[in-house]
Amino acid sequence: DVTYVIDRAAIDRMIGRLRDEGFTVIGPTVRSEAVVLDEIESTDDLPVGVGDEQEAGHYRLVARDADTVFGAVVGPGSIKRFLHPPEAPVLRFVRSGAGFSLVAPAEAPRYAFVGVRPCDVAAVGVQDRVFLGGAARDATYAGRRDGAVFVVANCVRPGGTCFCASMGTGPRASGGFDVALTEVGDGEEHWFLAEPGSELGDDLLRDVGASEAPDAAEERVDELMTAAAGAMGRVLDTDGLADALRESLDSARWEQIATRCLTCANCTLVCPTCFCASVDDQTSLSGEEAVRVRRWDSCFNEEHSYIHGGPLRPSPSARYRQWLTHKLSSWVAQFGSMGCVGCGRCITWCPVGIDITEEAAALREEVAHV
């Protein structure tokens with residue numbers, strides 16, 4: 001396969017072409033002391049010269065080399081916010097004579113994601129199986145997902161809570177992208193290896209003036225990716241983990257975790273694959289309009305499992321157990337893969353620093369010694 005070498009100016013041309021074709025270009029940018037995904041117009045909006053420091057319950061921005069474009073890993077937001085929005089109308093009716101008429105949904109936005117990480121692109125693949133892989137396609141997700149463009153930035157410097165190498169989702173993207181960029185910066189040297197992942201991606205690279213990469217460039221990137229895979233801040237052994245968790249349901253470890261867990265739902269909100277939602281029906285005061293709205297929900301909310309007579313999971317330990325065992329065990333039976341891509345957000349953004357890799361390892365060890 002042909003790979004290319006481009007510079008920062010070529011990325012600007014790529015962003016410009018996507019915008020000219022009607023895409024809303026989304027990329028990492030700095031907002032309120034964090035790197036978030038938001039609309040960008042050029043590489044000037046990217047977190048140039050910015051990196052991040054992440055640990056359990058800890059996130060800080062730090063300075064990188066002034067020319068570094070993709071020095072920050074992931075912030076609290078993910079692609080999920082755009083393809084599976086926090087709030088979206090599912091059905092809308094307006095009064096028509098003696099009854100109501102269904103209003104056609106608004107045209108879905110066209111998104112191009114530039115500078116997103118391999119773990120986030122892998123998370124889109126997971127959500128594809130959830131929303132598009134069953135008997136019925138989710139119309140809201142499908143409308144935003146169809147035709148989306150992905151320009152991924154491979155991770156040269158993994159974060160302190162990253163474990164994508166354990167999940168097979170990084171640090172180098174293996175699929176699901178149109179273009180994959182690897183930033184190489186060493187003193188005077190600064191360039192990007194660009195790998196097309198689709199016909200569109202190849203067309204984009206040729207259009208912005210990319211030149212074919214020499215063998216030495218590809219070898220240099222291979223070295224960087226090997227080093228990055230060995231520099232992960234966390235490790236998760238997934239071999240036999242789903243079975244081990246199924247055997248751990250009565251473990252006392254769940255109550256130990258619950259003494260720390262605030263059931264705040266931060267982990268599910270920042271997770272790029274969690275998809276739970278609730279539905280509310282709203283009627284205008286005039287009675288002329290009725291809307292069914294879907295909103296993000298969380299298995300950490302007591303009401304999420306409410307049925308007649310009360311919630312199925314009334315305790316924090318039961319709710320944490322539901323989240324972790326679904327993510328790393330029962331998800332496999334439902335969707336054919338684990339519901340975790342190793343981004344580490346749930347560790348970083350947990351106020352009390354609960355670590356999913358630590359808890360999974362402890363539960364596995366406990367089962368092994370029963």
Side-chain angles (χ1 to χ4, degrees), residues 1 3-6 11 27-28 35 37 46-47 50-56 59 62 64-65 67-79 113-126 150-186 189-197 201 213 217-239 270-273 337-348 355-357:
D1 294 336
T3 57
Y4 301 91
V5 171
I6 62 173
I11 299 175
V35 172
L37 294 182
L46 296 171
V50 175
D52 48 28
E53 177 186 272
Q54 300 194 42
E55 258 306 328
Y59 178 94
V62 297
R64 293 275 190 235
D65 183 82
D67 291 329
T68 302
V69 178
F70 301 117
V73 188
V74 295
S78 69
I79 297 172
F113 299 95
V114 175
V116 292
R117 296 297 169 158
C119 58
D120 276 344
V121 174
V124 172
V126 173
F150 299 92
V151 179
V152 65
N154 290 325
C155 289
V156 176
R157 299 183 184 90
T161 58
C162 291
F163 56 101
C164 65
S166 298
M167 309 307 295
T169 59
R172 190 174 198 160
S174 59
F177 59 85
D178 295 288
V179 176
L181 303 175
T182 307
E183 184 171 17
V184 179
D186 184 9
E189 181 184 32
H190 188 244
W191 48 273
F192 302 84
L193 184 79
E195 305 169 67
E218 294 190 46
E219 291 168 3
R220 177 69 188 285
V221 168
D222 287 342
E223 292 172 358
L224 289 173
M225 292 294 95
T226 299
M232 295 282 147
R234 297 291 194 278
V235 174
L236 180 65
D237 181 4
T238 60
D239 187 30
V270 298
C271 177
T273 65
S337 71
M338 287 189 176
C340 174
V341 293
C343 69
R345 287 182 176 95
C346 61
I347 305 171
T348 298
D355 184 334
I356 189 174
T357 65

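Numbers here are sequence positions counted from 1. Just so you know, these numbers come straight off a predicted model, no measurement behind them.
Residues Thr3 and Glu218 approach most closely at OG1-OE2, 2.9 Å, considering heavy atoms. For Leu37 against Ile79, the heavy-atom pair with the smallest separation is CD1-N, 3.7 Å. In terms of heavy-atom proximity, Ala153 sits nearest to Phe70 at CB-CG, 3.8 Å. A pairwise comparison of heavy atoms in Trp191 and Ala217 identifies CH2-CB, 3.6 Å as the closest pair. Val152 and Pro118 make their closest contact through CG2-N, 3.4 Å (heavy atoms, listed as atom of the first residue, atom of the second, distance).
Going from atom CG of Leu181 over to atom CD1 of Ile11 covers 5.0 Å, rounded to the nearest 0.5 Å. Leu193 contributes atom CG, which lies 9.0 Å from atom CD1 of Ile6 (distance to the nearest 0.5 angstrom). Going from atom CZ of Arg117 over to atom SG of Cys155 covers 4.0 Å, rounded to the nearest 0.5 Å. A distance of 4.5 Å separates SG of Cys346 from CD1 of Ile356, quoted to the nearest 0.5 Å. Note: Glu183 CD to Phe192 CZ = 4.0 Å, rounded to the nearest 0.5 Å. Interatomic distance, Glu55 CD to Asp355 CG, rounded to the nearest 0.5 Å: 8.0 Å.
Looking at Thr68, its side chain never comes within 3.5 Å of a backbone N or O of Arg64 through a donor-acceptor pair. Between the His190 side chain and the Val184 main chain, no donor and acceptor come within less than 3.5 Å of each other. Looking only at distances, a side-chain donor or acceptor of Thr273 sits under 3.5 Å from a matching main-chain atom of Gly339.
Contact of the Val62 side chain with the Asp52 side chain is not registered, since no non-hydrogen atoms from C-beta on lie closer than 4.5 Å. The shortest side-chain heavy-atom distance between Pro171 and Asn154 does not fall under the 4.5 Å cut-off. The side-chain heavy atoms of Pro272 and Cys119, taken from C-beta on, include no pair separated by under 4.5 Å. Considering only heavy atoms from C-beta on, Met338 stays 4.5 Å or farther from Val126 through its side chain. At a threshold of 4.5 Å between non-hydrogen side-chain atoms, the residues Arg345 and Val74 count as touching.
With respect to Val121, the side-chain contact (heavy atoms from CB on, under 4.5 Å) criterion is satisfied by exactly one of Thr169, Val151, Val116: Val116.
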Which pairs would a plain distance check flag for residues 156-167, meaning a side-chain donor or acceptor within less than 3.5 Å of a matching protein atom at least two apart in sequence or in another chain?
{"residue": "Thr161", "atom": "OG1", "partner": "Gly344", "partner atom": "O", "Å": "3.3"}
{"residue": "Thr161", "atom": "OG1", "partner": "Thr348", "partner atom": "OG1", "Å": "2.8"}
{"residue": "Ser166", "atom": "OG", "partner": "Leu236", "partner atom": "N", "Å": "3.0"}

Distance-only criterion, 3.5 Å: show the donor-acceptor pairs between side-chain atoms of residues 173-180 and protein atoms not counting sequence neighbours.
{"residue": "Asp178", "atom": "OD1", "partner": "Ser198", "partner atom": "OG", "Å": "2.6"}
{"residue": "Asp178", "atom": "OD2", "partner": "Phe150", "partner atom": "N", "Å": "2.9"}

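Taking the ring-ring contact (aromatic ring centres under 6.0 Å, His included) definition, one finds that Tyr4 meets it with nothing, sequence neighbours left out.
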